[in-house]
Asker: 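Pasting a structure here, questions to come.
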Amino acid sequence: MVLVLLCEGFEESEVTVPVDLLRRGGVEVGLCGVTGAAVKSSHNITFGTDLTIGEVNLDEVELVFVPGGLGGVDGLLASESAAALLRQARDQGKYLAAICAGPTVLSRMGLIDGKKAVCYPGMEDLLPPAIPQPGNRVVWDENLITGEAAGSAFDLGLAMLELLRDSETAQQVRDSVHYHG
């Protein structure tokens, strides 16, 4: 399962596009409410979640995904339970993915030191000790996949699908939605 961590103020397009692509490719995805069972996005759209952070069983998780949105990022950074879950996922060798301001959360928690990553342009100073890769839409470094911004949500979703399934499945989903990015 892909576990998507949601805090109040997350960027909804960075969640809905990758989740849709993953589910089209047959990947189970769980929307995880860090701040409750219903979470309001950065543009005031309320999302129902599949589980709360206290209900997560990491044995069932292949990848933990951190979307951007400055409110969501601040919420994740302030959440001891989210930090503990992310550290445990990293320690267990789970895949980590993040987009936009999300990679700065992983870096500020010390989870991606020495890994190549991309984030929202202008926030690269928050990535070290990760290694910023500005100008890339998606960067894949071992067990870490990062996306630049909301505009790269399709690219990131397809990269996660390729990682968790295969390139053929990712291409089939790409073709089915007529993505030409």
Side-chain angles (χ1 to χ4, degrees), residues 2-22 29 31-35 39-47 53 63-87 89-90 94-163 170 174 177 179-181:
V2 170
L3 185 71
V4 183
L5 300 181
L6 300 181
C7 280
E8 298 286 327
F10 70 92
E11 172 58 50
E12 53 276 306
S13 63
E14 295 169 3
V15 171
T16 56
V17 170
V19 167
D20 176 64
L21 295 171
L22 288 164
V29 179
L31 299 178
C32 177
V34 175
T35 53
V39 184
K40 192 177 287 188
S41 72
S42 60
H43 296 99
N44 295 314
I45 300 171
T46 301
F47 280 59
I53 198 157
L63 183 148
V64 180
F65 176 47
V66 176
L70 294 179
V73 164
D74 290 343
L76 284 171
L77 288 169
S79 170
E80 290 182 25
S81 57
L85 183 137
L86 285 163
R87 283 187 188 94
R90 188 255 343 248
K94 307 289 183 180
Y95 293 108
L96 299 177
I99 189 169
C100 198
T104 68
V105 170
L106 300 177
S107 185
R108 289 157 74 183
M109 290 181 177
L111 301 175
I112 59 172
D113 295 0
K115 300 270 187 182
K116 294 177 185 173
V118 66
C119 66
Y120 186 79
M123 297 185 82
E124 291 88 0
D125 60 327
L126 298 175
L127 276 181
I131 305 164
Q133 304 293 303
N136 291 290
R137 295 176 62 79
V138 172
V139 173
W140 189 342
D141 188 353
E142 297 177 4
N143 68 331
L144 174 68
I145 300 178
T146 53
E148 182 183 50
S152 59
F154 271 93
D155 301 289
L156 181 66
L158 291 167
M160 288 191 288
L161 185 54
E162 183 175 341
L163 169 72
R174 172 190 291 268
V177 298
Y179 178 64
H180 305 288

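This one's a predicted model, so the numbers in the text were calculated from it and none came from an experiment. All values below come from the heavy atoms of this structure, side chains included, with hydrogens, waters and symmetry mates left out.
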Asker: Testing the basics here: between Val73 and Ala101, what is the closest heavy-atom pair and its distance to 0.1 Å?
Answerer: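 Distance-wise, the nearest heavy atoms are CG2-CB, 3.6 Å.
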
Asker: side-chain contact (heavy atoms from CB on, under 4.5 Å) between Met123 and Leu70: does it pass, once the steps are laid out?
Answerer: CA-CA 11 Å; Met123 297 185 82; Leu70 294 179; 4.2 Å; yes

Asker: Would you mind reporting whether Glu11 and Cys100 have side-chain heavy atoms less than 4.5 Å apart?
Answerer: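 No, their side chains stay 4.5 Å or more apart.
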
Asker: Indicate the atoms forming the closest heavy-atom contact of Leu5 with Pro67, along with that distance.
Answerer: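 Taking Leu5 first and Pro67 second, the nearest heavy atoms are O-CD, 3.2 Å.
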
Asker: What distance separates Asp74 CG from Ser79 OG, expressed to the nearest 0.5 Å?
Answerer: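 It is 12.5 Å, given to the nearest 0.5 Å.
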
Asker: Donor-acceptor pair, distance only, cut-off 3.5 Å: does the side chain of Arg137 make one with the backbone of Gly151?
Answerer: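 Between the backbone of Gly151 and the side chain of Arg137 there is a qualifying donor-acceptor contact (under 3.5 Å).
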
Asker: Could you state the interatomic distance from CD (Glu14) to CZ (Phe65), rounded to the nearest 0.5 Å?
Answerer: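 Answer for the CD-CZ pair, Glu14 versus Phe65, is 7.0 Å.
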
Asker: To the nearest 0.5 Å, what is the distance between NZ on Lys94 and CG on Leu3?
Answerer: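 It comes to 10.5 Å.
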
Asker: For the CG atom of Leu111 and the CG atom of Leu106, what is their distance to the nearest 0.5 Å?
Answerer: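 Answer rounded to 0.5 Å: 6.0 Å.
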
Asker: Restricting to non-hydrogen atoms, name the atom on Ile112 and the atom on Pro103 that form the minimum distance, rounded to 0.1 Å.
Answerer: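 Taking Ile112 first and Pro103 second, the nearest heavy atoms are CD1-O, 3.8 Å.
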
Asker: Restricting to non-hydrogen atoms, name the atom on Gly33 and the atom on Val39 that form the minimum distance, rounded to 0.1 Å.
Answerer: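 Heavy-atom minimum between the residues: CA-CG2, 4.0 Å.
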
Asker: For the side chain of Glu8 and the backbone of Gly75, is there at least one donor-acceptor N/O pair under 3.5 Å apart?
Answerer: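 Here the side-chain-to-backbone pair does not exist.
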
Asker: For a side-chain contact (heavy atoms from CB on, under 4.5 Å) with Thr146, tell me which candidate from Thr104, Val66, Val118 qualifies.
Answerer: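 The residue from Thr104, Val66, Val118 that satisfies side-chain contact (heavy atoms from CB on, under 4.5 Å) with Thr146 turns out to be Val118.
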
Asker: Please report the interatomic distance CZ(Phe10) to OG1(Thr16), rounded to the nearest 0.5 Å.
Answerer: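 These two atoms lie 8.5 Å from each other.
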
Asker: Ignoring hydrogens and geometry, is there a side-chain-to-backbone donor-acceptor pair from Glu124 to Gly122 under 3.5 Å?
Answerer: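 Yes, the answer is positive, given that a donor and an acceptor are paired below the 3.5 Å cut-off.
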
Asker: Quick one: pull up CE in Met109 and CG in Leu86 and give me the separation to the nearest 0.5 Å.
Answerer: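 CG of Leu86 is found 5.5 Å from CE of Met109.
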
Asker: Is the closest side-chain heavy-atom distance between Tyr95 and Val2 below 4.5 Å?
Answerer: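 Heavy-atom side-chain distance check fails, nothing below 4.5 Å.
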
Asker: Is the number of heavy atoms from other residues, nucleotides or ligands within 6.0 Å of NZ (Lys115) greater than 12?
Answerer: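 Yes - once you tally the heavy atoms of other residues, nucleotides and ligands closer than 6.0 Å, there are more than 12.
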
Asker: Taking NZ in Lys116 as the centre, count heavy atoms belonging to other residues, nucleotides or ligands within less than 6.0 Å. Is the count above 12?
Answerer: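 12 or below, so no.
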
Asker: For residues Gly110 and Arg90, report the shortest heavy-atom separation together with the two atoms involved.
Answerer: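 The answer is O-NH1, 3.3 Å.
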
Asker: Which pair of non-hydrogen atoms, one from Ser107 and one from Asp113, has the smallest distance, and what is that distance?
Answerer: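 Reported closest heavy-atom pair: O-OD1, 4.5 Å.
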
